[in-house]
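What follows is a single structure, written as structure tokens, with notes after it.
Hydrogens, waters and symmetry mates play no part in the numbers below; they use all other heavy atoms, side chains included. Just so it is clear: chains get the letters A, B, ... in the order the sequence lines come, proteins before strands, and each one is counted from 1.
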Protein chains: 2
Amino acid sequence: MPRSKGPAQPPAETGPAAARHLPEATLVRLTQYLRALTELRDAGRSRASSEVLAEAAGVNSAILRKDLSLLGSYGTRGVGYETEVLAQRITECLGLTHEWRVSIIGAGNLGRALSGYGGFRNRGFSVVALFDASPDLIGRDVNGLRVANVAFMEDVLTFTRTNMAVLAVPGPVAQELADRVVRIGVRSILSFAPVVLQVPEGVTLRKVDLATELQILAYHAQQAGQTGPPERS
Amino acid sequence: MPRSKGPAQPPAETGPAAARHLPEATLVRLTQYLRALTELRDAGRSRASSEVLAEAAGVNSAILRKDLSLLGSYGTRGVGYETEVLAQRITECLGLTHEWRVSIIGAGNLGRALSGYGGFRNRGFSVVALFDASPDLIGRDVNGLRVANVAFMEDVLTFTRTNMAVLAVPGPVAQELADRVVRIGVRSILSFAPVVLQVPEGVTLRKVDLATELQILAYHAQQAGQTGPPERS
DNA sequence: TGGTGTGAACGGATTCACAGCC
DNA sequence: GGCTGTGAATCCGTTCACACCA
């Protein structure tokens, strides 16, 4: 791949829909800015400075300005940012302008919790299917969705035009299900299974691991000498 | 706080329990190595090279060796690492040698899912209490735990000697509950609430945000031009 | 010979500081 | 005067390459 390191990218297109490749760390923060902007707007503020916005998003203002500058110039010097305009711009950049159809694989405790999570529908995501292998669950109604038999997953994924899959299944079956989901053409997967998953190039996989989170907390607590219970009553 | 930038830390202690401050990125990987080591050991392998171990953990071997070198010299040149010894060493570094007592605040879908998650108990974490504010849930049995009234949270946190709290509550009440948990002396919090939380210095807060994860997937999918449903049948 | 441990090079992300614009 | 947008400096983490050792 001839990726020259010359600073002069071919001009290509400098239109308002630019912002080719955003760093991962910036992406995470953009979602936080988006939430903060929505809150500010709902609170009636049509403008906000980088300082105010950064405070609401829980970051410092320098990195916020740096991040936003990657999307183009959407602020006004001496004034600040228009919450509505900026929120729209970020929404566009993140690819949230149309609905994403999410299927959740696994209707155990976690899968059911996810299917009922309100934060999805508010932000451009529709949960369109929920699968399980257990006869006790198949056919049951969960948050307005009928649990489908994972044996027929391919058909349902196709029928519902699923383009994102969430794996909420036990570790031992996660790889097999990931393979099936990928084979049918889904290229975005969020996995809660505590195992290493292999996916082919072109498929985006993100992982959330609850045990990892607690282990990291344990490390910091131990570092701070908090090996025992809190000593205050 | 006079944090000098001089490179020469006072020698202090160079014993086997060293490893003062590990970078955050390394911590995340250490938990993955630990899982991989446990799997390898359970599969009967008492030794593994950095190459094998890295493969099992889903990282490259250079960074693995770099990470492990921060814990001291626990490998043998020309041979590899003893899975048992190394697992023990990592466990020790992460502060997992004694049990951590976790309380889950919020017994909605997510809270119930977390309370039943087997990955905790296996790794040195005990779920000791589960709270909610809803009369419909208080007193009910969930995964062997009786849902406690959040109004009496302070008493129960003290009684159970809770030293880690998991917030699985709606955004609007998360800050208030975080404040109460901190006030009683808990210094490690894992939050699933989609809001920015303020905690005082000395308290470690980690956040998991499901909507953020999906939004980042959406960005990558859009980048790859997958705006529509998969086109394969 | 094979594989660890590590200095050095590299690259990416954050912070600083200020020029430029409203 | 105030605030954005951004080069420059800095910090941190990853990759490379190889000295060193069982």
Side-chain angles (χ1 to χ4, degrees), chain A residues 1 3-9 14 16 18-30 32-33 37 40 45-83 85-86 89-90 216, chain B residues 3-7 9 14 16 18-30 32-33 37 40 45-83 85-86 89-90 216:
Chain A
M1 208 171 293
R3 214 159 33 113
S4 87
K5 51 162 46 172
Q9 208 69 345
T14 325
R20 291 289 131 223
H21 188 63
L22 300 172
E24 199 69 14
T26 295
L27 282 177
V28 174
R29 286 189 299 266
L30 282 179
Q32 296 165 349
Y33 304 155
L37 284 165
L40 288 170
R45 297 194 60 149
S46 61
R47 283 205 194 100
S49 69
S50 62
E51 201 65 56
V52 167
L53 190 46
E55 161 89 22
V59 303
N60 78 59
S61 63
I63 194 86
L64 178 138
R65 289 200 302 279
K66 190 68 129 183
D67 285 337
L68 294 184
S69 75
L70 296 176
L71 311 189
S73 277
Y74 285 80
T76 310
R77 292 177 195 228
V79 178
Y81 302 90
E82 302 263 340
T83 52
V85 173
L86 186 54
R89 177 68 180 132
I90 294 177
I216 292 172
Chain B
R3 220 165 23 116
S4 87
K5 49 161 51 172
Q9 209 68 345
T14 325
R20 290 290 132 224
H21 188 64
L22 300 171
E24 199 68 14
T26 295
L27 283 177
V28 173
R29 286 190 299 266
L30 283 179
Q32 296 165 350
Y33 305 154
L37 283 165
L40 288 170
R45 298 195 59 151
S46 62
R47 283 207 196 99
S49 69
S50 62
E51 202 65 57
V52 167
L53 191 45
E55 161 89 24
V59 302
N60 78 59
S61 63
I63 194 85
L64 180 138
R65 290 201 302 280
K66 190 69 129 181
D67 286 338
L68 294 184
S69 75
L70 295 176
L71 311 189
S73 277
Y74 284 80
T76 311
R77 294 181 193 222
V79 178
Y81 302 89
E82 303 263 341
T83 52
V85 173
L86 186 54
R89 176 71 179 127
I90 294 177
I216 293 171

TODO: Provide, to the nearest angstrom, the distance between the NZ atom belonging to A/Lys66 and the C1' atom belonging to C/dA13.
DONE: 10 Å
Task: Distance in angstrom units between A/Tyr33 OH and D/dT4 P, rounded - done: 13 Å
Task: Donor-acceptor contact present, side-chain A/Arg89 to main-chain A/Leu71, <3.5 Å - done: yes
Open item on the list: Can you tell me which nucleotide in D/dC18, D/dT14, C/dA13 comes closest to the side chain of A/Ala25?
Closed with: C/dA13
Open item on the list: Any side-chain N or O of A/Asn60 below 4.0 angstrom from OP1/OP2 of C/dT15?
Closed with: yes
- [ ] Could you check which of C/dC18, D/dC16, D/dT14 has an atom nearest any side-chain atom of B/Ile63?
- [x] D/dT14
Task: side chain to side chain contact (heavy atoms under 4.5 Å, CB included) partners of B/Arg77, counting only residues at least two apart - done: none
Open item on the list: Which residues in residues 47-58 of chain B have a heavy atom closer than 4.0 Å to any atom of DNA chain D?
Closed with: none
Task: Distance, rounded to the nearest Å, where A/Arg65 contributes CZ and C/dC18 contributes P - done: 14 Å
Task: Within-4.5 Å side-chain heavy-atom neighbours: A/Leu30 and B/Ile216 - done: no
Open item on the list: Run the side chain to side chain contact (heavy atoms under 4.5 Å, CB included) test against A/Ser46 and tell me which residues pass, sequence neighbours left out.
Closed with: none
Open item on the list: Can you measure B/Leu68 atom CG to C/dG3 atom P for me and round it to whole angstrom units?
Closed with: 16 Å
- [ ] Kindly write out the residues that satisfy salt bridge (charged side-chain N to carboxylate O under 4.0 Å, His left out) with A/Arg29, not counting sequence neighbours, or none if the list is empty.
- [x] A/Asp67
TODO: Report yes if at least one side-chain N or O of A/Tyr81 is closer than 4.0 Å to OP1 or OP2 of D/dG5; otherwise report no.
DONE: yes
What protein N or O atoms touch nucleotides 19-22 of chain C N or O atoms at under 3.5 angstrom, if any, and at what distances?
from: C/dG20; atom 1: N3; to: A/Arg77; atom 2: NH1; distance (Å): 3.0
from: C/dC22; atom 1: O4'; to: A/Arg77; atom 2: O; distance (Å): 3.2

Open item on the list: Less than 4.5 Å apart, side chain to side chain, heavy atoms only: is that true for A/Ile90 and A/Leu68?
Closed with: yes
- [ ] Check side chain to side chain donor-acceptor pair (under 3.5 Å) between B/Ser49 and all other residues, then give those that pass, not counting sequence neighbours.
- [x] none
- [ ] List the atom of B/Arg45, the atom of B/Thr83, and the distance in Å for their closest heavy-atom pair.
- [x] O-OG1, 2.9 Å
Open item on the list: Rounding to an integer number of Å, can you tell me how far A/Asp67 CG sits from D/dG5 C1'?
Closed with: 13 Å
Task: Nucleotide C/dT4, atom C1' - distance to CG of B/Leu71 in whole Å - done: 14 Å
- [ ] Only counting residues at least two apart or in another chain, list the ones meeting side chain to side chain contact (heavy atoms under 4.5 Å, CB included) with B/Ser61.
- [x] B/Ser50, B/Glu51, B/Ala54, B/Arg65
Open item on the list: With a 4.5 Å cut-off on side-chain heavy atoms, are B/Thr26 and B/Lys66 touching?
Closed with: no
Task: Proximal nucleotide (of D/dG5, D/dG13, C/dT6) relative to the A/Ser73 side chain - done: D/dG5
Open item on the list: Rounding to an integer number of Å, can you tell me how far B/Leu64 CG sits from D/dT14 P?
Closed with: 12 Å
TODO: Check B/Tyr33 against B/Ala57 and note the closest heavy-atom contact, atom names and distance.
DONE: CD2-CB, 3.7 Å
Open item on the list: Can you measure B/Leu22 atom CG to D/dT14 atom P for me and round it to whole angstrom units?
Closed with: 13 Å
TODO: Quick one: list whatever passes salt bridge (charged side-chain N to carboxylate O under 4.0 Å, His left out) with B/Arg47, sequence neighbours left out.
DONE: B/Glu82
Task: Degree of bending in the helix from C/dT1-D/dA22 to C/dC22-D/dG1 once both end axes are built from five pairs, to 10° - done: 0°
